[in-house]
Amino acid sequence: MELSPDSIILWQAGFAKLNLTIVLTWLNILLLTVGSALVTRRLRDDGKLSRWQNLLEVLVSGIEQQIADMGLSPAREFLPFLGTLFIFVLFANLLAVVPGYRPPTGSLSTTAALAISVFVAVPWWGIRRRGWGGFFGMYIKPSVFMLPFNILGELSRTLALAVRLFGNIMSGSMIAGILLTVTPLFFPVVMQLLGLITGVIQAYIFAILAAVYIAAAAKVQRVREDDGQGGLHG
Amino acid sequence: MLIDWFTVAAQTVNFLLLIWLLKRFLYGPILQAMERREARIEGRLQEARQEHEVAREEAAEYQRLNRELEETRTESLHQVAEEAGQHRQQLIDQGRAEASALTEAWKAAVCRDRQLFMADLKKRIGSEVLQIARKALNDLTGCDLATLLAERFVARFAALDQEQQSSCRTAAETSGVLVRSAVTLEDPIRSRLEAGLQPLLGPDAAISYCIADDMPLGIELILGGLKLSWGVDSYFAELERQIDLQLEEVDGTGEGGRRSL
């Protein structure tokens, strides 16, 4: 049994390869894009809304509200990145109930790619909001001796982000596979339902943690500076 | 190796591609639609607020007009009531004046009718009494009333004092003598009357005669500005006074009866 769909290679030419993870990711992208385009093609801003438009509006406005609750303002600046993180992970995890489908989030490469994206997004917004000095100065506070620990913390949380999602999704698929061999009736269905819950929760956790990290770089630092100014005045 | 770095790179690109696609086909249209709807709702709310404000102002204007109308109506009612009162008082005064004028006219007419009636009554009674007296006297005693009346008149005239007789003579010589009687005096009576008067008034006194319709019974001698009368006028005056008293009693009873009603 493969631990990851990465190992199922459909096509390879030297370093480049086309494995199941990439193909299923493209499938996800295709479904999300086509579905969104179909729904948003006939958007109405008056009268009765369609069910799908209503669903998407609830989804988008809910994500925007969550981002705003995290203290990220304006929320629409962060909506494409954080919203896509959530929707992509959620969609991939939900499709896991389809027989034969291997969620791309069960691939450590995919979760690593997402974690790396977060890892890059944090300094991207941190520097845009705080400037170079303001952002990198965060790593030497409260003392310069904290620099290696801060860097290590940054890396470890990125790794944890990737491994947490991978572990949860992969384990769900593995347990379902193992149970199919032990108790092929009924029990795997329950585990699939449990896997659905886990998938939703993991998508939420992943997006929220990314929002927290970005907020920590763009906003929490400001609180620290305010504390410092207060100390000067005191 | 669980991590395939080519796959990592490809998935990163895929993720960035998905961000762009969703931004293009999901977030953008959805957020724009929501903004348009919010703008429309806000516009409608603004419009509703404006309409509410307009309605409130119109309601205030209507209440003000209503209040003014009510005040005007009350004032008009007061004015109309006052004018009606004045008009009513004018009508009452006018009615009283007209009633008073009618009453006065009626009283005058009644008085005139009474006078006419009394004059007519006096004449009729005198005529009847004279005929009855004349007939009764003639039947019972064979005497003529006119003759006796003339004799009695001459006797009374002769009984006047010297001064009065002198005044009468002077007046007779100046303006003559006019004898007025209720009935035509016969020639014998006139002769006896002239025979009785001429010694007193003088032989040159011109004596003329005329019939007095207003005199019921008697003889009246007019000497210029002097007048000597011998008749029943005092009786008729007393009779007229008694009749007036009776009529006034009847009127008083009638008015009292009307008042009691």
Side-chain angles (χ1 to χ4, degrees), chain A residues 3-7 9 12 14-19 21-22 25-26 28-30 32-41 43-46 49 53 56-57 59-61 63-64 76 79-81 83-85 87-88 91 104 107-117 120 162-163 166 170, chain B residues 1-70:
Chain A
L3 282 179
S4 168
D6 289 359
S7 56
I9 298 172
Q12 186 167 12
F15 181 69
K17 66 184 75 168
L18 189 63
N19 55 30
T21 302
I22 296 174
T25 302
W26 286 350
N28 278 6
I29 291 172
L30 185 66
L32 286 172
T33 304
V34 171
S36 300
L38 285 176
V39 173
T40 57
R41 191 178 58 181
L43 285 180
R44 298 183 62 178
D45 52 11
D46 60 339
L49 306 179
Q53 180 182 350
L56 290 186
E57 284 191 4
L59 181 66
V60 172
S61 60
I63 294 171
E64 189 180 19
R76 293 194 179 179
L79 177 64
F81 181 76
T84 306
L85 265 182
I87 291 173
F88 175 70
F91 198 66
S107 157
L108 189 57
S109 301
T110 303
T111 57
L114 298 178
I116 288 169
S117 297
V120 173
V163 172
F166 165 71
M170 183 271 292
Chain B
M1 183 73 178
L2 288 175
I3 294 182
D4 178 43
W5 290 108
F6 176 79
T7 307
V8 171
Q11 290 295 74
T12 304
V13 173
N14 285 337
F15 178 67
L16 294 176
L17 177 66
L18 182 61
I19 290 176
W20 182 82
L21 287 172
L22 289 186
K23 189 176 181 181
R24 168 74 177 77
F25 291 105
L26 180 62
Y27 306 125
I30 290 289
L31 291 175
Q32 285 175 3
M34 290 169 66
E35 285 175 353
R36 283 198 300 271
R37 189 163 60 248
E38 287 176 359
R40 178 172 282 107
I41 291 171
E42 181 60 30
R44 287 179 180 174
L45 286 175
Q46 184 67 24
E47 187 179 348
R49 278 193 290 269
Q50 288 177 351
E51 289 181 356
H52 178 73
E53 184 64 21
V54 170
R56 195 185 62 77
E57 290 177 357
E58 286 183 354
E61 179 67 14
Y62 171 76
Q63 288 176 350
R64 188 184 65 78
L65 289 174
N66 208 9
R67 198 163 48 246
E68 285 183 2
L69 181 65
E70 185 65 25

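The analysis underlying the following values was restricted to heavy atoms, covering all of them including side chains, and did not include hydrogens, waters or symmetry mates. Order of the sequence lines sets the chain letters (A, B, ...), proteins ahead of strands, with each chain counted from 1.
For the atom pair A/Leu43 CG and B/Met34 CE, the distance stands at 11.0 Å (nearest 0.5 Å). Between A/Phe88 atom CZ and B/Leu22 atom CG the span is 10.5 Å, to the nearest 0.5 Å. To the nearest 0.5 Å, atom CD1 of residue A/Ile9 and atom OG1 of residue B/Thr7 are 8.0 Å apart. Interatomic distance, A/Asn28 CG to B/Leu18 CG, rounded to the nearest 0.5 Å: 8.5 Å.
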Please evaluate residues B/Leu31 and A/Val60 with respect to the criterion side chain to side chain contact (heavy atoms under 4.5 Å, CB included), reporting the C-alpha separation (whole Å), side-chain torsions for both, the decisive distance (0.1 Å), and the verdict.
CA-CA 8 Å; B/Leu31 291 175; A/Val60 172; 3.8 Å; yes
In sequence, state the C-alpha distance, the side-chain angles, and the governing distance for B/Leu17 and A/Trp26, and then conclude on side chain to side chain contact (heavy atoms under 4.5 Å, CB included).
CA-CA 10 Å; B/Leu17 177 66; A/Trp26 286 350; 5.9 Å; no
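Only the side chain of A/Ile116 comes within contact range of chain B, with at least one heavy atom under 4.5 Å from a heavy atom of that chain. For B/Ala33, the parts lying near chain A are the backbone and the side chain together; criterion is any non-hydrogen pair under 4.5 Å. Of the atoms belonging to A/Thr21, heavy atoms from both backbone and side chain fall under 4.5 Å from chain B. The part of B/Glu35 that comes within reach of chain A is its side chain, from C-beta onward, which places non-hydrogen atoms under 4.5 angstrom from that chain. Both the backbone and the side chain of A/Ala16 come within contact range of chain B, judged by heavy atoms closer than 4.5 Å. Contact of A/Leu49 with chain B is made through the side chain alone, with heavy-atom distances under 4.5 Å. Contact of A/Arg44 with chain B is made through the backbone alone, with heavy-atom distances under 4.5 Å. Residue A/Ile63: no heavy atom, backbone or side chain, is found under 4.5 Å from chain B. Both the backbone and the side chain of B/Ile30 come within contact range of chain A, each with at least one heavy atom under 4.5 Å from a heavy atom of that chain.
Nearest heavy atoms, B/Val8 versus A/Ala113: O-CB, 3.3 Å.
The shortest distance between side-chain heavy atoms of B/Phe6 and A/Ile22 falls below 4.5 Å. A/Val120 has its side chain out of reach of B/Thr12: every pair of non-hydrogen atoms, C-beta onward, lies at least 4.5 Å apart. With contacts defined as side-chain heavy-atom distances shorter than 4.5 Å, the pair B/Asp4/A/Lys17 qualifies.
In this structure a side-chain-to-backbone donor-acceptor pair under 3.5 Å is present from A/Thr40 to B/Phe25. B/Tyr27 places a side-chain N or O within 3.5 Å of a backbone atom of A/Thr84 that can act as its donor or acceptor partner.
With B/Phe15 as the fixed residue, the side-chain contact (heavy atoms from CB on, under 4.5 Å) test singles out one of A/Leu114, A/Thr110, A/Thr25, A/Ile29: A/Leu114.
Within a 6.0 Å sphere centred on CZ of B/Arg24, other residues, nucleotides and ligands contribute 12 heavy atoms or fewer. At most 12 non-hydrogen atoms from other residues, nucleotides or ligands lie less than 6.0 angstrom from CZ of B/Arg44.
Chain B forms more heavy-atom pairs under 4.5 Å with one residue of A/Ile87, A/Val39, A/Thr111 than with any other, namely A/Ile87.
Using modelled atom types, one finds no donor on one side chain facing an acceptor on the other under 3.5 Å when comparing B/Gln11 with A/Ser109.
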